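A, B, ... follow the sequence lines: proteins, then strands. Residue 1 opens every chain. Remember, predicted model here, so these are calculated numbers, not experimental data. Every heavy atom of this structure was used, including side-chain atoms; hydrogens, water molecules and symmetry mates were not.
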Amino acid sequence: MTFHQLAEQLEQLESTAARLAITAQLAILLNQLNPDEIIVTCYLLQGKLLPSYQNLEFQLAQKLVLRTLVLLARRQNYLPPTQAAVKLATQKAGGAMSLFAPEPELEIRAGTDQLAEMVGQRFRNLGDLGVLTAEIKQAQQSHAQKKSAQKPTTNPDILSVYQQLLAIARVGGTGSQDQKQQLLLALLEELDPTGAKFVIRMVMGKLRLGFSTMTLMDALSWAKHGDKRDREILELAYQKKADIGKLAAAYLAADLGTKTNAEFGTNVSVNAGTAEISAALESYEVEIGVPVMPALCQRLNTAEEIIAKMPRVYAEPKYDGLRLQIHCNLEAGWVKAFTRNLDEVTAMFPELQQGFAHLKCRNCILDAEAVGYDPETGQILSFQATITRKRKHEVAAKAASVPIRCFVFDLMALDDRSLVDEPLSQRKQWLQKLLPPSAETETVRQTRYLETSDPETLHQFHETQLGVGLEGVVVKQADSIYRSGRKGWRWVKIKEPEGTSGKLADTIDCVVMGYYLGKGKRTIFGVGAFLLGVLESDAAKTDSGSIRIVSVAKLGTGLTDEEFQLLRRQADQMRSATKPAIYEIPTSLQPDGWLEPGLVLEIAADEITTSPTHAAGVSLRFPRLVKVRADKGWEQATTVAELKELCQLQSRLMAKD
DNA sequence: ATTGCCTGCCC
DNA sequence: ATTCTGC
DNA sequence: GCAGAATGGGCAGGCAAT
């Protein structure tokens, strides 16, 4: 299939919202592909080149793509439409015009590249690099038509485009950024506007079409049967080996082998019995060395709610570290580690080789949380300290200064046998045998846990963990099987309502200093995030005129769509052409629009962190909006001193353990 | 050599 | 990570 | 409730600019 044909179908999908309709359309698409194309297309549809556990990245994203588009624009004499034309088009499209306040006039500074400024501005207005690419390509077409000298289009097929994308990703070393741009430019030249649009979205890693892995699996079933009957089987297979391309090929292979070209494109239902399916997916069994999709936590507010859902539970302390899935093949003499997103990180944690060598088994797969500790005191370290271990260089030295402790809490396979379908109680027993207290070391320990059915006991245990500086508890249904993702009620963390309890009970009142234009579905709000600040009074001077507002965080979540639009409208009343004099922010955080101080927002966060970037010197971990404080003036916002006090309270907590 | 921008990936 | 939203 | 798509702070690494 040509990439153009693929892109045309994606274009159709873009105007489809209903999931079932998306599934059906995807199924039709899948049925038109040959086996090679299926594999590759599955990756591309997820904005990837390979399954996640095979490391290959574009190293080409927003900024470099934008630079490439400037090159393309220059080559094609592209000029963005004027503001007036944009307004007209938006009105015609029935868009909510009132949301749009005109953007500040483009400042063309002497010595800057005008076209680059204009393309960048157009990107901020469109909120999508793919759409911008199509627009530039469109200009190319009309330009070419005008001259009635249309270039021959090569109309590459999917595999050709894929190969070119691979080549772009594989370039590295000195001069590679230029080379990537040139290769991408050459690819864009080969494609029509729609094809170019989706190639760019693939490079950006997001298709923004309202479907992803789960819907793709629905579509696989739909491609074969016209319904979702095999979805569950497919999802289980995917959990065992997270490679959607190979899964798709294996699943559809029976059909593909017997299919004639004429049948491609028809939604023919082939009668494949369960036996045939299981044969096709036979190779999909948990395998030592190939990562399993990890189980994740749901969230509930209280211990009562949890016990109501799961009558008998195990509660474990929740460490703030790095999730590691550890594969031990002790017969072959190796240990491998994968992150939550299945990146292989074996080389970053050399102590694991020794750490797991003494386990009494032939092989196993373990689920664990890795936390750094102080080798002098044994004290558990913060996430910020732990994450410095995720590195490629000087690993040995860092392993000495920040050794890790693995808290093992689950066992997915043992001695060539998958345990994912065994109940947790059983898996815990196996784990107890494999890793008894006598086998524990500085590097490897079993996560201790509490078995209970009593909400009060659970609540107390949670409070105790918070008290020693941990993140609370993870609560697991005692009889539950191991399943990837968050579905069902198997693993739950306690997330108390904002501002009640937990690690950081206090909320913070911030001044809105500016805003950033949004991308994707936030584009029409005219804002995607806000820049927040807190107060700092200059100690050297004592008069009230020395108060400054220093940046402390950006805010991009916790607002409803309605609140985004409301706040943007309020912000428009407070626009400032330049940065107000009392503001202090690093240039890297320059917002798209400045606001005079006035708007105050109440913000919740999980933690105060010391910040290398924000002007306040501290920042907020996981900031989100609690409430618009129309009742407060900006002079009443939180101060840096108060934040630093909270920050010290946290570290004192850590020191207790 | 050093710095700073950009990217990818942890949470 | 947190959060919101259409289905 | 699922699935998807917006968005956060901050770390290391790669490359380009100085």
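The listed nucleotides are B:dC11, B:dG8, D:dC11; the one nearest the side chain of A:Gln59 is B:dG8. If you check B:dC11, B:dC10, D:dG9 against the side chain of A:Asp320, the one that comes closest is B:dC11. Listed nucleotides: D:dC2, B:dC9, B:dC11. Nearest to the side chain of A:Glu57: B:dC9. Each of D:dG10, D:dA16, B:dC9 was ranked by its minimum atom distance to the side chain of A:Ser611; first place goes to D:dG10. Set against B:dC11, D:dG4, D:dG1, the side chain of A:Arg340 has B:dC11 as its closest nucleotide. Minimum atom distance to the side chain of A:Arg323 is reached by B:dC11, of the listed B:dC11, D:dG13, B:dC9. With D:dG8, D:dT7, D:dG9 as the choices, the nucleotide that has an atom nearest any side-chain atom of A:His614 turns out to be D:dG9. Side-chain atoms of A:Phe622 lie closest to B:dC11 of the nucleotides D:dG14, B:dC11, D:dT7. For A:Arg391, whose side chain is taken as the heavy atoms from C-beta onward, the closest listed nucleotide among D:dT7, B:dT7, D:dG13 is D:dG13. The side chain of A:Ile387 sits closest to D:dC11 out of D:dG13, D:dC11, B:dG8.
A cation-pi geometry, defined here as NZ or CZ lying under 6.0 Å from the six-membered ring centre and within 45° of its normal, holds between A:Arg568 and A:Tyr515. Both tests pass for A:Lys554 against the ring of A:Tyr516: distance under 6.0 Å to the centre and angle within 45° of the axis.
A:Ile22 comes within 4.0 angstrom of nothing in the nucleic acid, heavy atoms only. Nucleic acid contact for A:Lys493: sugar-phosphate only, since backbone atoms but no base atoms lie under 4.0 Å from a heavy atom of the residue. When heavy atoms are screened at a 4.0 angstrom cut-off, A:Leu60 is found touching the sugar-phosphate backbone but no base atom. At a threshold of 4.0 angstrom between heavy atoms, the contacts of A:Ala605 with the nucleic acid are absent. Counting any heavy atom pair closer than 4.0 Å across all strands shown, A:Glu563 reaches no nucleic acid atom. Using a 4.0 Å heavy-atom cutoff across all strands shown, A:Lys48 reaches no nucleic acid atom at all. Within the nucleic acid shown, A:Leu20 has no heavy atom closer than 4.0 Å to any nucleic acid atom. Nucleic acid contact class of A:Gly127 (heavy atoms, under 4.0 Å, all strands): none. Looking at heavy-atom distances under 4.0 Å, A:Thr587 makes no contact with the nucleic acid at all.
Looking at A:Lys197 and A:Glu11, a side-chain N of the basic residue comes within less than 4.0 Å of a carboxylate O on the acidic one, giving a salt bridge. Ion pairing between A:Glu369 and A:Arg405 fails under the 4.0 Å rule for side-chain N and carboxylate O.
For A:His393 and D:dG14, the shortest distance from a side-chain N or O to OP1 or OP2 is below 4.0 Å. For A:Thr386 and B:dC10, the shortest distance from a side-chain N or O to OP1 or OP2 is not below 4.0 Å. Dashed line: the shortest gap from a side-chain N or O of A:Gln384 to OP1 or OP2 of D:dC11 is under 4.0 Å. Not one side-chain nitrogen or oxygen of A:Thr213 sits closer than 4.0 Å to the OP1 or OP2 atom of D:dA3. Between A:Thr557 and D:dA6, a side-chain N or O to OP1/OP2 separation shorter than 4.0 Å is absent. At the phosphate of D:dC2, neither OP1 nor OP2 sits under 4.0 Å from any side-chain N or O atom of A:Lys487. Between A:Ser588 and B:dG4 there is no side-chain polar atom (N or O) within less than 4.0 angstrom of OP1 or OP2. Between D:dG8 and A:Lys554, a contact under 4.0 Å exists linking OP1 or OP2 to a side-chain N or O. An OP1 or OP2 oxygen of D:dC11 is reached within less than 4.0 angstrom by no side-chain nitrogen or oxygen of A:Thr388. OP1 and OP2 of D:dA16 both lie 4.0 Å or more from every side-chain N or O belonging to A:Lys63. At the phosphate of D:dA3, OP1 or OP2 sits under 4.0 Å from a side-chain N or O atom of A:Arg231. Phosphate proximity of D:dA6 to A:Arg208: present, with a side-chain N or O under 4.0 Å from OP1 or OP2.
Residue-to-nucleotide proximity on DNA chain D shows that, of A:Gly173 and A:Leu589, the 5′-proximal contact is made by A:Leu589. Between A:Trp489 and A:Leu209, it is A:Trp489 whose nearest contact on DNA chain D lies nearer the 5' terminus. Each of A:Arg522 and A:Ala18 was assigned the nucleotide of DNA chain C with the nearest heavy atom; the assignment lying further toward the 5' end belongs to A:Arg522.
Taken to the nearest 0.5 Å, the CG atom of A:Leu69 stands 7.0 Å off from the CG atom of A:Leu188. A distance of 5.0 Å separates CG of A:Leu643 from CD1 of A:Ile608, quoted to the nearest 0.5 Å.
A:Glu232 CD: 12 or fewer foreign heavy atoms inside a 6.0 Å radius.
A:Pro586 and A:Thr613 make their closest contact through CG-O, 3.2 Å (heavy atoms, listed as atom of the first residue, atom of the second, distance). The heavy-atom pair separating A:Asn125 from A:Thr523 by the smallest distance is O-CG2, 3.3 Å.
Look at NZ on A:Lys392: it is 18 Å from P on B:dT7, rounded to the nearest Å. In this structure, A:Arg170 places its CZ atom 18 Å from P of D:dG14, rounding to the nearest Å. Residue A:Leu49 contributes atom CG, which lies 11 Å from atom P of B:dG8 at whole-angstrom precision.
To the nearest whole angstrom, the two C1' atoms, one in C:dA1 and one in B:dG8, are 16 Å apart.
Put simply, the side chain of A:Leu595 does not reach to within 4.5 Å of the side chain of A:Met513, judged on heavy atoms.
Read 5' to 3', the first and last nucleotides of DNA chain C with an atom closer than 4.0 Å to a heavy atom of chain A are C:dA1 to C:dC7.
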Check: Taking it one step at a time, do A:Trp491 and A:Asp410 satisfy side-chain contact (heavy atoms from CB on, under 4.5 Å)?
Finding: CA-CA 12 Å; A:Trp491 295 14; A:Asp410 215 321; 3.5 Å; yes

